[in-house]
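All values reported here derive from a predicted model rather than from experimental measurement. Both backbone and side-chain heavy atoms feed into the values below; hydrogens, waters and symmetry mates do not.
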There are 2 protein chains.
Amino acid sequence: MNKSLKRLATMQRIQVTGLHLFYSKGYYNTSVDDILKELSLSKGAFYYHFDSKEDFFIQIIENLLVRKVYGMLIQPIEGHDHTLTMIADCFEDALETAVHNELDYGFVLSNFINEFNGRNENIMKHLNEILKVWEVNLVSAIQRGKFNGHIDRHVDAEGVALYLMSAYIGIRTLMVETAPAARKYRFMAQLRQYFKSLEVKTTSH
Amino acid sequence: MNKSLKRLATMQRIQVTGLHLFYSKGYYNTSVDDILKELSLSKGAFYYHFDSKEDFFIQIIENLLVRKVYGMLIQPIEGHDHTLTMIADCFEDALETAVHNELDYGFVLSNFINEFNGRNENIMKHLNEILKVWEVNLVSAIQRGKFNGHIDRHVDAEGVALYLMSAYIGIRTLMVETAPAARKYRFMAQLRQYFKSLEVKTTSH
DNA sequence: TAGGTATCAGACCCATCAGTCGGTTTCGCC
DNA sequence: GGCGAAACCGACTGATGGGTCTGATACCTA
């Protein structure tokens, strides 16, 4: 194998396992040794590739988290009509993978945000960037919906986006331990109810 | 001072400071020594009153957290008409304290739930109990609203309760770092919008 | 006021953890 | 095939954390 390819492959391996463990046990509660034991690698290998545990985690954010969030929550609602339907289906899919695969990485963000909030400014900066991208994308999707005539022109796009993010973060927290499938179902029903109230009132008889 | 009173006073002091630090730095990221340094107390004092760090935290939950959540989110919506208005005002108040006092303990729950989810079953049991009480209370409030004729009888009370809890947990997470006041305002507007869609459609002309 | 107990002090133990460092193996290349 | 660099090994360090233990005070009661 090519040298630079091998380097990337090893880094990737460590990062994937690292994210896995950080997600399930928490960042501060997972030691570098834990990750290395899982991979039968040594300290030397780790610190050859990464400057520190923090640097390591930031690389995980940039390489894995960003893409996961993008693929799961952003890309699916880009460039489509019927914005609200797209968003609802997107949330439905994301929650569905959360039901069946507890380590889906679909929205690890809320866990990490809670863990680093007010504790590690540097890492929070990177996590907030992902949130911001998500928010901006939601806002523009909603504005697109208003422009296309599917969403009432009086709705506050930023408000809706914030509300959607809140609801999603919250339901992900509540789905981890208790009745995920049932909760997902109930949540989605209410979300669609809320969406109805955003639609244009053309049928006001 | 009475002996047993002094005991309780000391335990209370340690617990209050403990909750403060656990909330701001996280449970696993706060050492017993951190708490004791803040109080100028010694290890001996701590382990005289508490069996372990975990036992200590569970007592904090039972003595402080339960009451805070009850006083802030449960008691205010008990036994009133105009359920939805009550809930909205209750959320508004709770978020308002969150805006002005970052350590308000208003809903520390979401932080801790995220921290212990899948990591400490014992502590999660206690946290889930609080959530359960909250949920049950919301459900019965909504059913009361249906009975009183303020809420449409077709709405799923459990679904609404879950949705409210999700939204609240999520907005609390999102309010910690970025523009809390503005986000609170936007959030509440959308919540009220959602509530409108739950009201009885008496004015359907 | 003497003795007992509740309360607290702080040195100590042992495990863990992030990070270091000198050394060894593997690989590409001439 | 041999040289140099990349990749990796693993013992070690210094710091920290949870928890223990031996006492020292403060306080109550008889």
Subject >> Contact summary for B:Ile60 and B:Leu19, nearest pair of heavy atoms >> reply: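 What the structure gives for the nearest pair is CD1-N, 3.7 Å.
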**OP:** Quick one: closest heavy-atom pair of B:Leu162 and A:Arg183, and the distance?
**Re:**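 Minimum heavy-atom contact is CD2-O, 3.3 Å.
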Original post:
Bend angle of the helix from C:dT1-D:dA30 to C:dC30-D:dG1 from five-pair axes at both ends, rounded to 10°?
Top reply: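 Terminal axis comparison yields 10°.
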Find the distance [X]:[atom1] to [N]:[atom2] and express it as a whole number of Å.
| X | N | atom1 | atom2 | answer |
| --- | --- | --- | --- | --- |
| B:Phe56 | D:dG18 | CZ | C1' | 14 Å |
| B:Leu36 | C:dT7 | CG | P | 17 Å |
| B:Asp34 | D:dG18 | CG | P | 8 Å |
| A:Tyr47 | D:dA6 | OH | P | 21 Å |
| B:Asn29 | D:dT16 | CG | P | 13 Å |

Subject >> 5' precedence on DNA chain C between A:Asp51 and B:His49 (nearest-nucleotide basis) >> reply: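 Nearer the 5' end of the strand: B:His49.
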**OP:** Verify the contact: side-chain N or O of B:Tyr48 to OP1 or OP2 of C:dC8, cut-off strictly under 4.0 Å; return yes or no.
**Re:**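 False: B:Tyr48 side-chain N/O out of range (4.0 Å or more) of C:dC8 OP1/OP2.
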**OP:** Report yes if a side-chain nitrogen or oxygen of B:Thr10 is closer than 4.0 Å to either non-bridging phosphate oxygen (OP1 or OP2) of C:dT7; otherwise report no.
**Re:**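 No, B:Thr10 has no side-chain N/O under 4.0 Å of OP1/OP2 on C:dT7.
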Original post:
Nearest to the side chain of B:Ser31, which nucleotide is it out of C:dA18, D:dG18, D:dA7?
Top reply: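 That would be D:dG18.
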Original post:
Choosing from D:dG19, D:dC9, C:dC8, which nucleotide comes nearest the side chain of A:Ser42?
Top reply: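 Minimum distance to the A:Ser42 side chain belongs to D:dC9.
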Original post:
Would B:Glu115 and A:Asn114 count as having a side-chain donor-acceptor pair, cut-off 3.5 Å?
Top reply: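 No, no side-chain donor-acceptor contact under 3.5 Å.
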Original post:
Heavy atoms under 4.0 Å, any strand shown: does B:Lys43 hit a base, just sugar-phosphate, or nothing?
Top reply: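 Base, at least one base heavy atom under 4.0 Å.
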Original post:
Parallel, tilted or perpendicular: which describes the rings of B:Tyr27 and B:Phe22, with under 30° parallel and over 60° perpendicular?
Top reply: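 If you compare the ring of B:Tyr27 with that of B:Phe22, the planes turn out tilted.
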**OP:** Check the angle between the aromatic planes of B:Tyr163 and B:Tyr194 and answer parallel, tilted or perpendicular using the 30° and 60° thresholds.
**Re:**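 The rings of B:Tyr163 and B:Tyr194 sit tilted, inter-plane angle from 30° to 60°.
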Subject >> Ring centre gap for A:Phe112 and A:Phe57 strictly below 6.0 Å >> reply: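 Centroid distance A:Phe112-A:Phe57: below 6.0 Å, so yes.
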